[in-house]
Amino acid sequence: MQPLALFSLASQNASWLSTRQATIANNVANANTPGYRAADVQPFSAVLSHLNLPMATTSAGHIQPASFGGGKVNVKTADSWDVLYSGNSVDLEQEMMKAGDVNRAHALNVNITRSFHQMLMNAVKS
Amino acid sequence: MVIDPLVSSLRIAGSGLQSQSARLRIVAENIANAQSTGSAAGSDPYARKTITFESALDRASGENLVAVKSVGVDATPFRTEHLPGNPAADDKGDVKLPNVDLLFEMADMREANRSYEANLQVVKQSREMISQTIDLLRT
């Protein structure tokens with residue numbers, strides 16, 4: 001693996017994290033909607049191992065699908081901590097924990113990118 | 001159109017804040033009218049209002065926002081009290097009082113408050129993630 005692949009990996013991870021944050025926002029906003037089932041995104045390892053080949057555009061009318069992370073999967077009822085009588089499977093505590101997780105992972109990702117960038121700049125400048 | 005997921009999470013949480021404050025408004029109306037009787041003799045008093053939400057797809061951006069589905073009226077029967085001096089009393093001296101139970105309203109208010117806080121938390125975290133990314137440019 002080339003060392004510079006770290007940048008593409010970091011940006012892929014950041015994009016996955018922001019998709020996950022949007023999904024969490026969706027769950028929290030719909031915490032009182034009857035019949036709403038909580039959703040989550042596929043784990044990052046599944047996104048990485050999946051070969052992400054772009055579709056060929058042979059005509060101007062072809063639209064590229066959103067790169068990745070559009071693949072939302074519904075959480076199984078068993079995975080949710082609480083299912084209400086109204087059929088709503090959002091648990092606010094669980095969502096807050098997931099959001100904290102995403103936040104921490106994003107801080108890690110940003111800091112890794114920053115230090116790698118610094119390393120690269122040091123090599124270029126000296 | 002592809003919108004940055006972090007920006008769309010701000011919009012989604014905003015729609016959550018909006019619907020929870022609509023819910024708080026209904027609770028406030030119910031509590032304020034907990035003693036409102038009808039104007040004419042024997043007429044019906046204020047009926048408790050209810051609110052339901054639905055998940056609404058915003059077609060322009062593909063976001064799943066939340067919206068108020070309907071504001072309904074609670075169908076539980078009214079309380080009656082024997083108050084012959086009241087202008088709304090019927091010929092037997094009974095007055096119909098609203099079907100508002102303050103205990104329910106308080107519980108509803110607390111729940112709306114909790115959901116509102118959760119949405120605010122999401123806004124805070126998304127903003128933090130955005131500013132972390134912007135800070136990358138400053139180093």
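Reminder, nothing fancy here: chain letters follow the sequence lines and each chain counts from 1.
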Exercise. Name the region of B:Gln18, side chain, backbone, both or neither, that has any atom closer than 4.5 Å to a heavy atom of chain A.
Key: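 Looking at B:Gln18, nothing touches chain A.
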Self-check item: Contact class of B:Gln132 relative to chain A, heavy atoms under 4.5 angstrom
Solution: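 Backbone plus side chain of B:Gln132, per the 4.5 Å heavy-atom cut-off to chain A.
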Self-check item: No-hydrogen, no-angle side-chain donor-acceptor test under 3.5 Å, A:Asn27 and A:Gln94
Solution: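 No donor-acceptor contact under 3.5 Å links the two side chains.
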Would you say the side chain of [Y] lies within less than 4.5 Å of the side chain of [X], judging by non-hydrogen atoms?
X        : Y        : result
B:Asn119 : B:Gln20  : yes
A:His106 : A:Val110 : yes
A:Asn109 : A:Trp16  : no
A:Leu120 : A:Phe7   : yes

Quiz item: Listed by residue number, which members of residues 23-34 of chain B have a heavy atom under 4.5 Å from any heavy atom of chain A?
Solution: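 From residues 23-34 of chain B, the residues near chain A are B:Arg23.
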Quiz item: Taking only heavy atoms into account, what residues of residues 80-117 of chain B are found under 4.5 Å from chain A?
Solution: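 Heavy-atom contacts from residues 80-117 of chain B to chain A are B:Glu111, B:Arg114, B:Ser115.
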Quiz item: With no hydrogens and no angle check, is any side-chain donor or acceptor of B:Ser126 less than 3.5 Å from a backbone partner on B:Val123?
Solution: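 A pair under 3.5 Å: no.
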Practice problem: Take B:Arg11 and B:Asp58, measure what salt bridge (Lys or Arg N to Asp or Glu O under 4.0 Å) needs, and give me the verdict at the end. | Solution: CA-CA 11 Å; B:Arg11 284 191 45 180; B:Asp58 182 29; 3.0 Å; yes
Self-check item: A:Asp101 bridged to A:Lys98 by N-O distance under 4.0 Å
Solution: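 No.
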Quiz prompt | ILVMFWY cluster, B:Met129 and B:Val122 together (side-chain gap under 4.5 Å) | solution =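 Yes, one cluster joins them.
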Exercise. Select one option (side chain, backbone, both, neither) describing which atoms of A:Ala14 are under 4.5 Å from chain B's heavy atoms.
Key: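 Looking at A:Ala14, nothing touches chain B.
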Quiz item: Taking every heavy-atom pair that is under 4.5 Å apart, which of A:Met96, A:Met121, A:Arg20 has the most such pairs with chain B?
Solution: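 So the answer, after comparing A:Met96, A:Met121, A:Arg20, is A:Met96.
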Self-check item: Partners meeting side chain to side chain contact (heavy atoms under 4.5 Å, CB included) with B:Ala22 (sequence neighbours left out)
Solution: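 Partners of B:Ala22 under the side chain to side chain contact (heavy atoms under 4.5 Å, CB included) test: B:Ile51, B:Val68.
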Self-check item: Non-neighbouring partners of B:Ile130 that pass side chain to side chain contact (heavy atoms under 4.5 Å, CB included), sequence neighbours left out
Solution: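 Scan of B:Ile130 (side chain to side chain contact (heavy atoms under 4.5 Å, CB included), adjacent residues dropped) gives B:Leu6, B:Leu10, B:Ile134.
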